[in-house]
**Q** 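Below: one structure in C-alpha cells.
Numbering starts at 1 and runs along the sequence shown.
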Amino acid sequence: MAKTIIGRITLNLIAGIIITVVTVLATIFWMAARHNEAAAQSTETMVVGGVEAMGKRLQQLANDYAWWEEAYDAWKRGDAEWINANVGTGITDTSIADLLVIISPEGNVDYQWMIEGADDKVADIITPAFIATLRQVADKMPVDNSAARTGYVDTPSAPMMLGIQHITPFSHAKEVKSADLPILVFGQYVAGQRLADLGKSFLIDDLSFERGAAGPDPLVAVSDLAGRTLGHYQWTPPKPGDALLGKVLVPISVALLLFCGAALVTAMRARKLAIQVTDSEKEAVIAARTDSMTGLKNRMGFTELVSSSESAVACGEGNLAVIYLDVNGFKAVNDSIGHHGGDLLVKTLADRLTSVLVPGAVLARVGGDEFAVLMNGKATAVAASAAASAIVHSLDRPFTVAGFEFHVSAAVGYAVAEPGTLDPAELVRRADVAMYHAKAAAERDAVVYHPTMETGALEKKQVETGLRRAIEQNELQVVYQPVVRAGDLGMVAVEALVRWNSREFGAVSPALFIPVAEETGLIHDIGRFVIDRACRDLLRWPDMKVAINISPVQLREPNFANDLLAIVERHGLSPHQFELELTEGILVSNPTIAKRKLSTLKELGFALALDDFGTGFSSIGYLRQFPFDILKIDRSFVRDVGMNQTANALIQSLVSLGDAMNLDVIAEGIENEDQLGLLRLVQCEYVQGFHISRPVPAAEIDALLAGHLPARPARSTALAAGDAATLRLVGA
Ligand code: C2E
Ligand code: MG
Ligand code: MG
C-alpha cells in the first residue's frame, strides 16, 4: 500500500517534470517557427510592395514625360536634340531609368537611349517582336494622362520593367487615337544593384531574380507583357524565430535544468519523507504492540497474535495453549528501592521467564504484573503443563536488583485447546480463570483450567458430591509441612494438611472445599481421615510432633475429644505428640463451650495452637482466657516483613506478645531468606513456610528424617541443597 503511494508520487513527479519540459520546449520552438513564418510573409508582402512601388514610379515617370505638348511636337519634328536635352538628360542625371525608347505609330524606333555600361545591347532588347508587343499594348491603352502601363520585358541579362505611355499633345488629346500616337517607353533593370538595394530596404540580403519555374522558397513570379513567365524574385527570408531561439534556448535550458533539478530534489525529498512516514508508521504499529520495558509483546500484541488465523487453526486442531501468570512481590520492590528498581526486576523477570520457555512459546507482558504465554504446536497439553510448572519454579530463586535480593511468586493458570471446540480468545479467558483459581490456592502450583471453575467457586453441591465420593474412593491425601526452629532450622513438628486431587476437578484447594465440608458435615469424615492418616505416619516418626487443623465444626461435636483420644490410642500414640490448630472463630461464636472443650483437650494431653493469629478481631486480654500453648502468626504479617518499618514493628510486637503470654510462637508463610532473617532478629522461635519446605508427602518426611533429601522434586518439595535455609533434624 505504502509502496504504491511512494511509487505514484515518484511517477507523478517525473511525469510532471517531463510534461513541463516538453511543453516549454515545444512552445519555444513553435513560437520561433511562427516568428519565422510571419517574417517570411512580411518580406513577401514587402518585396511585392517594393516591386509595385518601382512600377508605380515608372508609371508616374511615363505619365509625366509622355503627356507633354512640347515632347509631342519635338517627336513630330524629329528633334532628337530636344528629346535628349529635355528627357534624356533628366533620366541620366537621376538614374531613374536604364532605357528610353520612342516608337512611332507605325512601329519605327524613333528614338533610343540606353544607360552606359549596361550588359545588353539596345538591339538585343528592341527587337521587332518587342516593338510589336509594345504597339499592341499601347494601342489598347486609352489616351489619358494617367493611363501609363507597366510590364516586364526579358533581356539577355535580366528582366526589365517598362513604363509605357502615349506621347500625347494634351491640347488636343481628345481628338487623337491611341494607334496614331507614338509611345514613350522607360525601361529599368530589376536586377543587380537595384534589386539588392530594394532588398536591403526590407532587410533582405539576397533579393535576386531567378529564371525558370518557382522553387519552394518565398518568391514573387515575374511575367512579360505577353503573359509568359520569365522567372521569379527570390530571397532567403530572415529567420527572427531562429535568432530568438538562439538567444532564449540557453537560458531557458538552464532554467529547465534548474527546474528539473529542483523538482527531482523535491521528488526525492517527498519520496524520502513518504518512506520515513511509512517507516515510522510501521514502527508505531510495532511500538503499539510492544511493551517498551521488556521488549515483549504487550496486551495488544498478544491479543493480535491470539486472534491470528494461525492461532485459530492451531486452536481448532487442539494444538494451542495459553498460560497466564500474575506476579506478586513487585510492590515490595517498588516500596523499598523505588520504581526504577521495580522496572529492573520486571526486565530480569521477563528474561528469566523467557529462559525457561521452549522455543516457539511467545511470552507477552499483558499488564503491570501480568504475563501470558501462547504455545502453538503438537502435544501442547504436555508442553503447557511443563512450561507452567517451569514458570512457577523459576521464581524459587531470588532476584538480585541493585544489590538487593527479592522474592516474587506468581499465580499461574493455563488452558489447553480441545480439538474443534474452542476459539483462541476463549482459551485466553480460560487461562485467566485458571489463574484466579491459582491465586486462591495456598499451594503455588500451576493450575489447569477446569469447567467447574466457571461458577467463580465450585458449586457447593458439586463439591459436596465430589467430596463424598473422594472420601469413599480415597481421593484424599495428607501432606506434611515441617515446622522448624528459626535459629538452627531443626525440624520440631510437621503440620498435616489435607489434599484433594479430584479426578473430576483437578487439585482442589482446602481453602475451597473445607468450608463446604464444614457446611455439609463432611468435615467430620475428613477430620477423622486426616487424624487417622497422621497417626499412621507418625508411627514412623516417634520423635516428631504433628499439628492437625481442627475445624470449629469438629470441635462442636460432643464426643470430639474422646473420639480423638480413641483414635490416637488405637494407634498406640500419645496425645503429647499432637498439636491441635484452631482458629479464632470458635472462641468468638461460643466462648464458654470453647473454653471447656479446649480445657478438656488440654487435660487429655493435646497441645493447643491458635492458628492464623492476627486475622481475627479478638483482643489479647480475651485470648488469655483460653489455654493455648502455641501462637501461629498468620502469614499475612510475615508477607510484609522487610517492606516497611510498620510491618517489622508489628511482627516484633506479635512475637513479644506470644512470649509475654508464655506461648511458643510459630511464624507461618516464610517465603524467603529476608523474612527468615527478620524473624530470627525479633527472636521468633519457630518458623514454617515454603522457604523451609513446601507441604510434602509423608515419604519425603521419611527421607528427610533419614538424612537424605531428595534433589528437588518437580513440584512441591523440601529444600534442595544450596538453598538459604537447610533443614535439620529434631535434636540435631
Ligand atoms: P493453615 O492451617 O493456615 O495452613 C497453612 C496453609 O498455608 C497451607 O495451605 C499451606 O500450604 C500454606 N503455606 C505454608 N507455607 C506457606 C508459604 O510459605 N507461603 C504461602 N503462601 N502459603 C504457605 P493449604 O494446605 O492450602 O491449607 C489452607 C487452609 O485449609 C489451612 O490453613 C487450614 O486452615 C485448612 N486446612 C488444611 N488442611 C486441613 C485439614 O485437614 N482440616 C481442616 N479442618 N482444615 C484444613
Ligand atoms: Mg494450620
Ligand atoms: Mg495458618
Side-chain angles (χ1 to χ4, degrees), residues 55-92 96-116 118-190 222-228 230:
K56 279 256 162 59
R57 263 198 322 274
L58 266 182
Q59 203 179 12
Q60 192 60 47
L61 196 70
N63 281 334
D64 285 353
Y65 280 92
W67 202 264
W68 194 0
E69 198 82 39
E70 284 87 348
Y72 184 80
D73 293 341
W75 167 71
K76 258 251 148 74
R77 292 195 304 271
D79 189 350
E81 258 331 88
W82 189 94
I83 292 180
N84 262 345
N86 292 284
V87 184
T89 324
I91 54 173
T92 318
I96 207 164
D98 304 320
L99 178 77
L100 176 60
V101 186
I102 294 173
I103 297 168
S104 70
E106 297 79 27
N108 299 321
V109 176
D110 290 345
Y111 178 89
Q112 64 178 38
W113 170 90
M114 180 91 185
I115 196 157
E116 250 175 66
D119 290 337
D120 301 303
K121 293 191 190 96
V122 178
D124 293 337
I125 302 168
I126 307 165
T127 59
F130 171 73
I131 293 164
T133 309
L134 280 181
R135 275 292 0 155
Q136 268 174 27
V137 170
D139 291 354
K140 283 183 197 145
M141 284 162 43
V143 179
D144 189 293
N145 71 343
S146 60
R149 261 206 64 176
T150 54
Y152 289 96
V153 65
D154 202 7
T155 77
S157 67
M160 182 176 267
M161 188 181 267
L162 306 174
I164 309 156
Q165 178 62 301
H166 305 111
I167 302 175
T168 314
F170 58 76
S171 55
H172 51 285
K174 290 208 173 103
E175 293 112 60
V176 290
K177 283 195 213 133
S178 310
D180 300 331
L181 292 173
I183 49 177
L184 179 69
V185 180
F186 288 108
Q188 206 174 48
Y189 281 116
V190 263
V222 177
S223 310
D224 71 3
L225 284 164
R228 279 191 308 270
L230 302 179

**Q** Which heavy atom in Pro159 sits nearest to a heavy atom in Leu230, and how many Å separate them?
**A**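 Looking at all heavy atoms of both residues, the closest pair is CB-CD1, 4.2 Å.
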**Q** With Asp73, which residues qualify under salt bridge (charged side-chain N to carboxylate O under 4.0 Å, His left out), at least two apart?
**A**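 Scan of Asp73 (salt bridge (charged side-chain N to carboxylate O under 4.0 Å, His left out), adjacent residues dropped) gives none.
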**Q** Which pairs with one or both residues in residues 167-180 pass side chain to side chain donor-acceptor pair (under 3.5 Å), sequence neighbours excluded?
**A**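 As it turns out, the side chain to side chain donor-acceptor pair (under 3.5 Å) pairs with a partner in residues 167-180, which skip direct neighbours, are Glu69-Ser171.
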**Q** Tell me, please, which residues at least two apart from Asp79 pass salt bridge (charged side-chain N to carboxylate O under 4.0 Å, His left out).
**A**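 Checked Asp79 against salt bridge (charged side-chain N to carboxylate O under 4.0 Å, His left out); matches are Arg77.
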**Q** My understanding is that only residues two or more places apart in sequence, or in another chain, count here; which of them pass side chain to side chain contact (heavy atoms under 4.5 Å, CB included) with Glu70?
**A**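 Only Trp68, Trp82 meet the side chain to side chain contact (heavy atoms under 4.5 Å, CB included) criterion with Glu70.
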**Q** What are the two closest non-hydrogen atoms of Leu181 and Arg135, and how far apart are they?
**A**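 So the minimum-distance heavy-atom pair works out to O-NH1, 3.0 Å.
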**Q** Among all residues two or more places apart in sequence or in another chain, which pass the side chain to side chain contact (heavy atoms under 4.5 Å, CB included) test with Ala226?
**A**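 Checked Ala226 against side chain to side chain contact (heavy atoms under 4.5 Å, CB included); matches are Asp224, Arg228.
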**Q** Side chains of Leu162 and Leu134: does their closest heavy-atom pair fall under 4.5 Å?
**A**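 In short, these two side chains touch, coming nearer than 4.5 Å.
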**Q** Going by the rule side chain to side chain donor-acceptor pair (under 3.5 Å), which residues pair with Gln136 if we only count those two or more places apart in sequence or in a different chain?
**A**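 By the side chain to side chain donor-acceptor pair (under 3.5 Å) rule, Gln136 matches no residue at all.
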**Q** How would you list, by chain and number, every residue that makes a side chain to side chain contact (heavy atoms under 4.5 Å, CB included) with Asp119, sequence neighbours excluded?
**A**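 Per chain and number, Asp119 pairs via side chain to side chain contact (heavy atoms under 4.5 Å, CB included) with Ser157.
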**Q** Report the distance from atom NZ of Lys56 to atom CG of Leu61, rounding to the nearest 0.5 Å.
**A**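 Reported value, rounded in 0.5 Å steps: 15.0 Å.
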**Q** Tell me which donor-acceptor pairs under 3.5 Å the side chains of residues 140-147 have, and how far apart each pair is, sequence neighbours excluded?
**A**
{"from": "Asp144", "atom 1": "OD1", "to": "Ser146", "atom 2": "N", "distance (Å)": "2.8"}
{"from": "Asp144", "atom 1": "OD1", "to": "Ser146", "atom 2": "OG", "distance (Å)": "2.8"}

**Q** Can you sort out the partners of Pro128 under side chain to side chain contact (heavy atoms under 4.5 Å, CB included), two or more places apart, ordered by chain and number?
**A**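 Expected list: none.
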**Q** Just by distance, do the side chain of Gln165 and the backbone of Gln59 share a donor-acceptor pair under 3.5 Å?
**A**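 Flag not set: sc Gln165 to bb Gln59 has no pair under 3.5 Å.
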**Q** Nearest 0.5 Å, what's the CD1-CD1 distance between Ile83 and Ile167?
**A**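 One gets 6.0 Å once the value is rounded to the nearest 0.5 Å.
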**Q** Any idea which heavy atoms bring Thr150 and Gly163 closest together, and the distance?
**A**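 Heavy-atom minimum between the residues: CG2-CA, 4.3 Å.
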**Q** What pairs with Tyr72 under ring pair (Phe, Tyr, Trp, His ring centres under 6.0 Å), at least two apart in sequence or on another chain?
**A**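 Per chain and number, Tyr72 pairs via ring pair (Phe, Tyr, Trp, His ring centres under 6.0 Å) with Trp75.
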**Q** Are Tyr65 and Leu100 packed together at the side-chain level, in the sense that at least one heavy-atom pair is separated by less than 4.5 angstrom?
**A**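 SC-SC contact between Tyr65 and Leu100 ruled out.
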**Q** Test Ile102 against every option in Val185, Leu184, Val109 by the side-chain contact (heavy atoms from CB on, under 4.5 Å) rule and name the one that passes.
**A**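 It is Leu184, the one option of Val185, Leu184, Val109 that forms the side-chain contact (heavy atoms from CB on, under 4.5 Å) with Ile102.
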**Q** So, for Ile131 and Gly107, which heavy atoms are closest and what is the spacing to 0.1 Å?
**A**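 Closest heavy-atom pair between Ile131 and Gly107: CG2-O, 3.3 Å.
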**Q** Distance from Met161 atom CE to Leu58 atom CG, nearest 0.5 Å?
**A**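 Nearest 0.5 Å value for the CE-CG distance: 6.5 Å.
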**Q** Can you tell me how far OG1 of Thr133 sits from CG of Leu225, rounded to the nearest 0.5 angstrom?
**A**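 Going from the CG atom of Leu225 to the OG1 atom of Thr133 covers 7.0 Å.
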**Q** Closest approach of Met160 and Leu99, non-hydrogen atoms and distance?
**A**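 Reported closest heavy-atom pair: SD-CD2, 3.7 Å.
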**Q** By side chain to side chain donor-acceptor pair (under 3.5 Å), which residues pair with Glu106, not counting sequence neighbours?
**A**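 Listed in chain order: Ser104.
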**Q** Is the shortest heavy-atom distance from the side chain of Val87 to the side chain of Phe186 under 4.5 Å?
**A**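 In short, these two side chains touch, coming nearer than 4.5 Å.
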**Q** Kindly give the heavy-atom pair with the smallest separation between Ala97 and Ile115, and that separation in Å.
**A**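 Taking Ala97 first and Ile115 second, the nearest heavy atoms are O-CD1, 4.1 Å.
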**Q** Apply salt bridge (charged side-chain N to carboxylate O under 4.0 Å, His left out) to Arg149 and list each qualifying residue two or more places apart in sequence or on a separate chain.
**A**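 Residues passing salt bridge (charged side-chain N to carboxylate O under 4.0 Å, His left out) with Arg149: none at all.
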**Q** Does a donor on one side chain sit under 3.5 Å from an acceptor on the other, for Tyr111 and Asn84?
**A**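 Asn84 and Tyr111 do have a side-chain donor-acceptor pair below 3.5 Å.
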